[in-house]
> 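Have a look at the structure that comes next, please.
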Amino acid sequence: MPRSGLAGRYNMTISAELREQLTTPGRRASLQFPRELREQLERDCGFTDEEVEILRLRGRGWSYKQIADECHVCEETVRNRIRRIKNKIATLI
């Protein structure tokens with residue numbers, strides 16, 4: 001059965017490996033996307049401002065500690081926000 005709507009669009013642009021990383025609980029995903037795809041995800045996923053900032057920093061390869069220091073939050077907060085980001089993206093793919 002072919003996918004339609006947003007899910008169909010992302011099905012063609014997200015690799016199988018990244019799809020597995022995003023949908024497997026406990027699996028780390030780099031969250032590094034081409035700029036155009038990241039911008040689409042930012043529009044379509046309904047991220048909070050904090051989630052967008054973390055998505056962009058993680059996409060640049062920043063560690064959880066670096067992100068936590070930059071955003072003035074603890075690493076556990078960064079982990080929770082990344083988990084929410086992954087869940088929002090996973091609902092589209």
Side-chain angles (χ1 to χ4, degrees):
M1 176 179 211
R3 300 179 83 156
S4 60
L6 293 176
R9 174 174 17 158
Y10 292 110
N11 191 37
M12 299 303 291
T13 56
I14 295 180
S15 72
E17 180 182 351
L18 181 56
R19 185 174 292 107
E20 181 182 339
Q21 290 174 0
L22 291 168
T23 57
T24 303
R27 182 100 189 263
R28 283 205 175 181
S30 67
L31 299 180
Q32 294 179 331
F33 305 105
R35 182 183 54 81
E36 183 178 296
L37 176 57
R38 181 186 43 78
E39 289 173 353
Q40 282 180 337
L41 290 169
E42 288 175 10
R43 284 191 304 270
D44 296 341
C45 289
F47 294 130
T48 65
D49 291 341
E50 293 84 7
E51 290 168 342
V52 168
E53 182 177 13
I54 288 172
L55 176 65
R56 290 176 180 174
L57 294 174
R58 189 70 179 142
R60 292 183 192 135
W62 287 34
S63 70
Y64 288 11
K65 177 155 181 29
Q66 290 172 312
I67 295 170
D69 291 345
E70 176 72 18
C71 297
H72 308 289
V73 298
C74 67
E75 285 183 62
E76 187 61 30
T77 299
V78 173
R79 280 187 189 85
N80 289 335
R81 290 182 181 162
I82 288 175
R83 188 177 308 115
R84 285 198 312 259
I85 290 167
K86 285 176 56 177
N87 289 340
K88 288 179 180 182
I89 294 171
T91 62
L92 292 179
I93 59 173

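Computation of the quantities below employed the complete heavy-atom set of this structure, encompassing side-chain atoms and omitting hydrogens, waters and symmetry-equivalent molecules. If you're wondering where the values come from, they're calculated on a predicted model, not measured in any experiment.
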> Does N80 have any side-chain contact (heavy atoms from CB on, under 4.5 Å) partners at least two apart in sequence or in another chain, and if so, which?
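For N80, the residues satisfying side-chain contact (heavy atoms from CB on, under 4.5 Å) (neighbours in sequence not counted) are E76, R83.
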
> How many angstroms lie between atom CZ of R58 and atom CD of E53, to the nearest 0.5 angstrom?
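These two atoms lie 14.5 Å from each other.
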
> To the nearest 0.5 Å, what is the distance between NZ (K88) and CG (L55)?
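Between K88 NZ and L55 CG, I get 11.0 Å after rounding to 0.5 Å.
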
> Determine, stepwise, if the pair L57 / C71 fulfils side-chain contact (heavy atoms from CB on, under 4.5 Å).
CA-CA 10 Å; L57 294 174; C71 297; 4.2 Å; yes

> Among T48, T77, I85, L31, find the residue that satisfies the side chain to side chain contact (heavy atoms under 4.5 Å, CB included) test when tested with I54.
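The side chain to side chain contact (heavy atoms under 4.5 Å, CB included) with I54 is passed solely by I85 among T48, T77, I85, L31.
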
> Ignoring hydrogens, what is the shortest heavy-atom contact between C74 and A68? Give both atom names and the distance.
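Looking at all heavy atoms of both residues, the closest pair is C-CB, 3.8 Å.
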
> Can any side-chain N or O of K65 pair as donor or acceptor with the backbone N or O of E75 at less than 3.5 Å?
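Side chain of K65 to backbone of E75, a donor-acceptor pair under 3.5 Å: no, none is there.
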
> Test of understanding: with side chain to side chain donor-acceptor pair (under 3.5 Å), list the residues that count as partners of Q66, not counting sequence neighbours.
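If we apply the side chain to side chain donor-acceptor pair (under 3.5 Å) test to Q66, skipping adjacent residues, the hits are S63.
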
> What's the separation between atom CD in E42 and atom CG in D49, rounded to the nearest 0.5 Å?
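Interatomic distance, E42 CD to D49 CG, rounded to 0.5 Å: 10.5 Å.
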
> How close do F47 and L41 get, heavy atom to heavy atom, and via which atoms?
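F47 and L41 have their closest heavy atoms at CE1-O, 3.6 Å.
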
> Output all residues satisfying salt bridge (charged side-chain N to carboxylate O under 4.0 Å, His left out) with E50, sequence neighbours left out; order by chain, then residue number.
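E50 satisfies salt bridge (charged side-chain N to carboxylate O under 4.0 Å, His left out) with no residue once adjacent residues are dropped.
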
> Roughly how far, to the nearest 0.5 Å, is CD of Q40 from CZ of R35?
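Those atoms lie 10.5 Å apart.
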
> Apply salt bridge (charged side-chain N to carboxylate O under 4.0 Å, His left out) to E70 and list each qualifying residue two or more places apart in sequence or on a separate chain.
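E70: no salt bridge (charged side-chain N to carboxylate O under 4.0 Å, His left out) contacts found.
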
> In Å, rounded to the nearest 0.5 Å, how long is the span from CH2 of W62 to CG of D69?
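Between atom CH2 of W62 and atom CG of D69 there are 9.5 Å.
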
> Using the salt bridge (charged side-chain N to carboxylate O under 4.0 Å, His left out) criterion, which residues pair with R60? Sequence neighbours excluded.
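Scan of R60 (salt bridge (charged side-chain N to carboxylate O under 4.0 Å, His left out), adjacent residues dropped) gives none.
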
> Rounded to the nearest 0.5 Å, how far apart are CD1 of I89 and CZ of R38?
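The CZ atom of R38 is 11.0 Å from CD1 of I89, to the nearest 0.5 Å.
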
> Which residues pass the salt bridge (charged side-chain N to carboxylate O under 4.0 Å, His left out) test with R84, not counting sequence neighbours?
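For R84 the salt bridge (charged side-chain N to carboxylate O under 4.0 Å, His left out) partners, ignoring immediate neighbours, are E51.
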
